[in-house]
Number of protein chains: 2
Amino acid sequence: MKGYLSYLILWILNKKTMRGAEIGRELEKRRGTKPSPGTIYPALKELKNVGLIAVDDQKIYSLTDKGQDELKSACKFFCQIFYDMKEMSDFGE
Amino acid sequence: MKGYLSYLILWILNKKTMRGAEIGRELEKRRGTKPSPGTIYPALKELKNVGLIAVDDQKIYSLTDKGQDELKSACKFFCQIFYDMKEMSDFGE
DNA sequence: ATAATAGTATCGGATAACCAATAGTATGAA
DNA sequence: TTCATACTATTGGTTATCCGATACTATTAT
């Protein structure tokens with residue numbers, strides 16, 4: 001179950017700008033386990049490199065316009081793949 | 001955007017038993033692109049190896065009990081991670 | 001000022017996920 | 001039977017994803 005972390009970061013940053021450590025804590029709340037520094041910072045760096053997020057001088061990460069667009073299309077894509085997603089919430093009971 | 005294929009296969013097989021080719025077509029409907037044989041058959045093999053799915057002599061794949069359990073806990077995990085998933089459907093507009 | 005703590009970041013490596021190309025197998029038609 | 005078509009499967013390799021270990025930096029407390 002890999003591959004969702006970057007999009008989860010975008011999803012989180014879309015709600016609120018955060019510092020790296022805060023993102024880590026938010027991920028821990030959601031996933032149960034806290035991602036290691038070797039996970040989160042390379043991920044942030046990559047997202048920054050491709051222009052989806054930005055960092056200011058206070059190390060506060062935020063979503064760029066491009067990041068918003070990307071997130072939007074990712075959500076669309078996801079909802080298309082799991083168009084029967086509603087059953088999923090029920091399936092877990 | 002990787003890492004969701006195996007779970008998507010489980011999700012699909014949970015609704016209906018299928019042959020490999022039919023699974024491929026179903027994936028195409030959902031994702032837009034048809035997975036290559038080199039994607040789907042290794043995935044099926046792996047899922048079979050770990051006991052989440054089974055194949056009969058007619059090459060019809062089906063979910064095992066263990067597969068159902070796994071899918072159930074995966075759904076739970078997913079809903080926990082994206083507990084604000086509802087906003088996602090709206091976000092794509 | 002110094003020690004302790006929290007935050008930021010890099011590096012190297014392991015594994016997962018995926019695909020293109022290829023080959024074998026079954027099914028049906030001519 | 002022979003050809004064509006669809007299906008099943010493997011191989012080899014690429015890239016993404018993630019982690020543990022480590023190191024550097026800033027902040028705070030004493």
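Under a 3.5 Å cut-off, the side chain of A/K48 and the backbone N or O of A/Y61 do not form any donor-acceptor pair.
The separation between B/I9 atom CD1 and C/dC18 atom P is 8 Å, rounded to whole Å. The interatomic distance linking B/I60 (CD1) with D/dT8 (C1') rounds to 14 Å, in whole Å. Atom CD of B/Q58 is separated from atom P of D/dC7 by 15 Å (rounded to the nearest Å). The distance from atom CD of B/E46 to atom P of C/dA16 is 8 Å, rounded to the nearest whole Å. The nearest whole Å value for the distance from the CG atom in B/L10 to the P atom in C/dA17 is 12 Å.
For A/K15, the NZ atom counts as densely surrounded, since its 6.0 Å shell holds more than 12 non-hydrogen atoms of other residues, nucleotides or ligands. For B/D56, the CG atom sits in a packed shell: over 12 heavy atoms of surrounding residues, nucleotides or ligands are nearer than 6.0 Å.
Taking 4.0 angstrom as the limit, B/K45 places none of its side-chain polar atoms (N or O) nearer than this to OP1 or OP2 of D/dA9. At D/dA26, none of the side-chain N or O atoms of A/K59 fall inside 4.0 Å of OP1 or OP2 (strictly under the cut-off). OP1 or OP2 of C/dT8 lies within a sub-4.0 Å distance of a side-chain N or O belonging to A/Y41. Checking the phosphate oxygens (OP1, OP2) of D/dA6, no side-chain nitrogen or oxygen of B/R25 falls inside 4.0 Å.
Distance check, rounded to the nearest 0.5 Å: NZ of B/K76 to CD1 of B/I81 gives 13.5 Å. A/T17 contributes atom OG1, which lies 9.0 Å from atom CD1 of A/I23 (distance to the nearest 0.5 angstrom). B/T64 OG1 to B/L47 CG: the interatomic distance, rounded to the nearest 0.5 Å, is 9.5 Å. Considering CD1 of A/I53 and CG of A/L44, their distance stands at 4.5 Å, rounded to 0.5 Å.
Counting heavy atoms from C-beta outward, B/W11 and B/E26 have side chains that stay 4.5 Å or more apart. Side-chain atoms of B/Y4 and B/R31, non-hydrogen and from C-beta on, do get closer than 4.5 Å to each other. Proximity of B/I12 to B/E22: side-chain heavy atoms (C-beta onward) are nowhere separated by under 4.5 Å.
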Please report the C-alpha distance between B/L13 and B/L71 in whole Å, then the side-chain angles of each, then the deciding distance to 0.1 Å, and finally whether the side chain to side chain contact (heavy atoms under 4.5 Å, CB included) criterion is met.
CA-CA 10 Å; B/L13 282 179; B/L71 180 59; over 6 Å; no

When you compare the protein's N or O atoms with those of nucleotides 23-27 of chain C, which come within less than 3.5 Å of each other, and at what distance?
none

Close N or O pairs between protein and nucleotides 19-23 of chain D (under 3.5 Å):
residue : atom : partner : partner atom : Å
D/dC19  : OP2  : A/T39   : OG1          : 2.4
D/dC19  : O5'  : A/T39   : OG1          : 3.4
D/dC19  : N4   : A/G38   : O            : 2.8
D/dG20  : N7   : A/S36   : OG           : 3.1

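You'll find that the side chain of B/Y4 is closest to C/dC18, out of D/dC7, C/dC18, C/dA9.
For residues 11-20 of chain B, proximity to DNA chain C is found at no residue, defined as any non-hydrogen atom under 4.0 angstrom from a strand atom.
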